[in-house]
Amino acid sequence: MFKFSVLTPYLPLLSSAVWVTIKFTIISTFLGFIGGFILALISISKNKLLVPLAKFYISVFRGTPLLVQLMLIYFATPQLTGYTISALEAGVLSFGLNSAAYISEALRGGILSVDKGQWEAAMSLGVPKHRFIMDIILPQAIKNVLPALINESIALLKDSSLVSVIGVADTLRWADLIQAKTFRAFEAFIVAAAVYYAMVMFLTFIGSYVEKKVRVSD
Amino acid sequence: MIEVTHLSKHFGNLEVLKDINLSIEKGHVVTIIGPSGSGKSTLLRCLNLLERPDGGSITYDGKNILEPGVKIEDIRKRACMVFQHFNLFKNMTVLQNVTYAPKVVNHLSAEEAEKDAMVYLKKVGMAEKINEYPSRLSGGQKQRVAIARAMAMHPEVLLLDEPTSALDPEMVKEVLDVIRDLTKMGITMVLVTHEMGFAREVSDTIHFMDEGYLIESGNPKEFFASPKTERARRFLAHILV
């Protein structure tokens with residue numbers, strides 16, 4: 001009843017598709033962390049101009065569907081700027097911008113959860129704020145929200161399958177092509193699902209390893 | 001060295017410091033006592049601007065630190081604080097806790113900072129634990145490290161905010177012993193404490209506060225033997241000295 005052997009000719013294609021998924025996840029997680037980091041620092045600052053801007057940014061990216069953001073960036077960028085954005089670029093950009101909003105909220109929560117005494121101790125020794133936030137507050141904040149951050153990258157990995165709708169040759173796109181060619185939907189999609197599952201498990205494993213590492217100070 | 005004049009501070013509608021006047025001389029140990037909520041800690045925290053007073057002045061060597069343009073970090077590194085709840089940096093080892101501010105604020109090299117840190121860590125008896133994280137230390141050990149951390153900044157005045165109040169009784173002595181050693185070194189100190197016996201022993205001056213007012217000041221022997229004000233008499237009658 002199952003004929004997984006029909007997939008054999010397409011396995012090299014699968015490996016490049018998986019690589020696209022991995023690359024995509026890594027780059028957008030990286031962008032998301034950088035953006036989230038900056039947004040979180042703005043959110044806890046007292047800058048009267050930047051704080052509302054950051055709040056607005058976060059509410060827009062959390063308040064609209066990722067798929068809409070993706071399509072908007074992919075299809076509207078050429079119209080507005082004349083620049084023909086590639087599907088991969090559009091994907092990475094929209095996912096990075098989107099996850100920045102979520103990561104910044106997680107980080108902000110983490111920063112606020114750091115004991116006020118840590119701030120006071122650093123201040124009372126004359127350490128400038130920008131220094132101790134980097135050296136004392138953020139390391140503890142990241143530790144506090146590490147599970148949330150790992151969840152965010154897992155979500156990014158899974159949501160990366162959305163880019164197949166704009167034609168990026170990722171893992172889901174591969175399955176879609178195979179089922180169109182071989183009329184074997186189950187085999188194609190179950191393999192894609194298994195590949196995603198394996199990657200998520202790998203991330204989970206990395207996550208718990210990192211968590212253990214950072215708990216040395218507990 | 002430090003002059004506090006007409007100092008006042010509000011938290012919302014609550015007036016926590018009312019027209020406080022006192023002076024702290026170089027090399028003296030000044031102790032502030034009084035019931036909970038009397039404003040002792042707030043006064044102490046004003047001295048290194050962890051709290052910003054609303055009125056009055058605080059001068060360090062004649063210079064008002066409340067004037068605009070005074071860099072807040074420059075004051076704080078001269079008046080380092082030891083907290084009731086220790087507040088050791090949780091993500092740093094004992095040695096890192098002590099060397100961090102000297103490196104960042106006083107621009108010491110790692111080597112210089114460590115050498116200096118070891119001097120103070122030995123003094124507080126924590127030289128054996130330099131690579132431990134705070135979570136592995138007892139309360140008394142944490143507080144001793146916190147004292148070394150403050151001392152490593154070579155502050156002109158050491159501020160101690162109820163340094164033994166969060167400790168288990170059997171650890172109070174080890175911390176008081178360390179503080180007593182420091183008083184013998186001639187370090188200027190402002191101490192907020194409920195340890196009356198200790199206050200009487202080490203202080204040059206006692207300030208008694210209640211409800212935001214500085215009620216009575218004097219030398220410890222006279223204050224504890226015959227307080228001048230009725231309020232201080234009642235306070236002393238209610239505690240075991």
Side-chain angles (χ1 to χ4, degrees), chain A residues 33 36-37 40-41 44-48 103-104 106-150 206-218, chain B residues 41 44-45 47-52 71-94 96-107 131-137 142 145-146 148-161 166:
Chain A
F33 269 80
F37 202 68
L41 290 181
I44 59 159
S45 79
K46 285 176 183 137
N47 191 302
K48 286 199 177 73
I103 288 172
S104 77
L107 273 179
R108 193 176 66 93
I111 290 169
L112 295 179
S113 73
V114 173
D115 178 18
K116 207 167 134 262
Q118 300 283 305
W119 295 72
E120 291 195 338
M123 283 193 283
S124 76
L125 294 164
V127 182
K129 196 173 172 190
H130 64 93
R131 275 307 300 264
F132 72 73
I133 286 195
M134 290 296 169
D135 298 335
I136 291 158
I137 306 302
L138 270 177
Q140 295 183 44
I142 289 172
K143 196 173 117 180
N144 290 349
V145 297
L146 204 59
L149 295 179
I150 291 161
I206 299 268
S208 46
Y209 176 77
V210 173
E211 257 186 79
K212 243 184 232 132
K213 274 266 158 198
V214 300
R215 299 238 174 269
V216 290
S217 62
D218 280 357
Chain B
S41 287
L44 192 71
R45 290 162 58 88
L47 293 180
N48 78 345
L49 301 180
L50 277 182
E51 302 290 351
R52 189 105 202 154
K71 223 176 131 214
I72 214 165
E73 282 87 6
D74 290 341
I75 303 307
R76 287 178 178 156
K77 69 180 182 189
R78 298 167 66 181
C80 293
M81 177 90 87
V82 173
F83 298 88
Q84 181 178 355
H85 294 286
F86 334 120
N87 297 345
L88 291 183
F89 304 132
K90 290 179 191 162
N91 59 324
M92 295 183 181
T93 62
V94 164
Q96 288 166 341
N97 259 281
V98 181
T99 57
Y100 175 66
K103 281 194 284 192
V104 171
V105 180
N106 291 344
H107 307 293
N131 292 320
E132 294 284 5
Y133 281 95
S135 57
R136 305 278 303 271
L137 304 178
K142 282 184 203 172
V145 173
R149 175 175 71 176
M151 289 304 298
M153 286 299 289
H154 300 279
E156 291 162 42
V157 54
L158 187 66
L159 310 174
L160 300 117
D161 189 5

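Quick caveat, the model's predicted, so the values are computed rather than measured. To find a chain, count down the sequence lines: A is the first, B the second, and so on, and within it residues start at 1.
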Which distance, rounded to the nearest 0.5 Å, do you find between the CE of B:M92 and the CD of A:Q140?
-> 8.5 Å
Could you look at [X] and say if it's the side chain, the backbone, both or neither that has a heavy atom under 4.5 Å from chain A?
X: B:F89; answer: both
X: B:M153; answer: side chain
X: B:A79; answer: backbone
X: B:L88; answer: backbone

Using a 4.5 Å cut-off on heavy atoms from C-beta on, say whether the side chain of [Y] contacts that of [X].
X: B:V104; Y: A:P128; answer: yes
X: B:Y100; Y: A:I136; answer: yes
X: A:K143; Y: B:K90; answer: no

Any idea which heavy atoms bring [X] and [Y] closest together, and the distance?
X: B:E73; Y: A:K129; value: OE2-N, 4.3 Å
X: A:M123; Y: B:R76; value: O-CD, 2.8 Å
X: B:A101; Y: A:L125; value: CB-CB, 3.8 Å

Is the backbone of A:D135 close enough, under 3.5 Å, to the side chain of B:N91 for a donor and an acceptor to pair up by distance?
-> yes
Looking at B:E132, B:R149, B:K71, which has the largest count of heavy-atom pairs under 4.5 Å with chain A?
->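 Highest number of heavy-atom pairs under 4.5 Å: B:R149.
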Which residues share a salt bridge (charged side-chain N to carboxylate O under 4.0 Å, His left out) with [X], sequence neighbours left out:
X: A:R108; answer: A:E105
X: A:R215; answer: A:E211, A:D218
X: B:K103; answer: none

By residue number, those in residues 110-119 of chain A with heavy atoms under 4.5 Å from heavy atoms of chain B are A:D115, A:G117, A:Q118
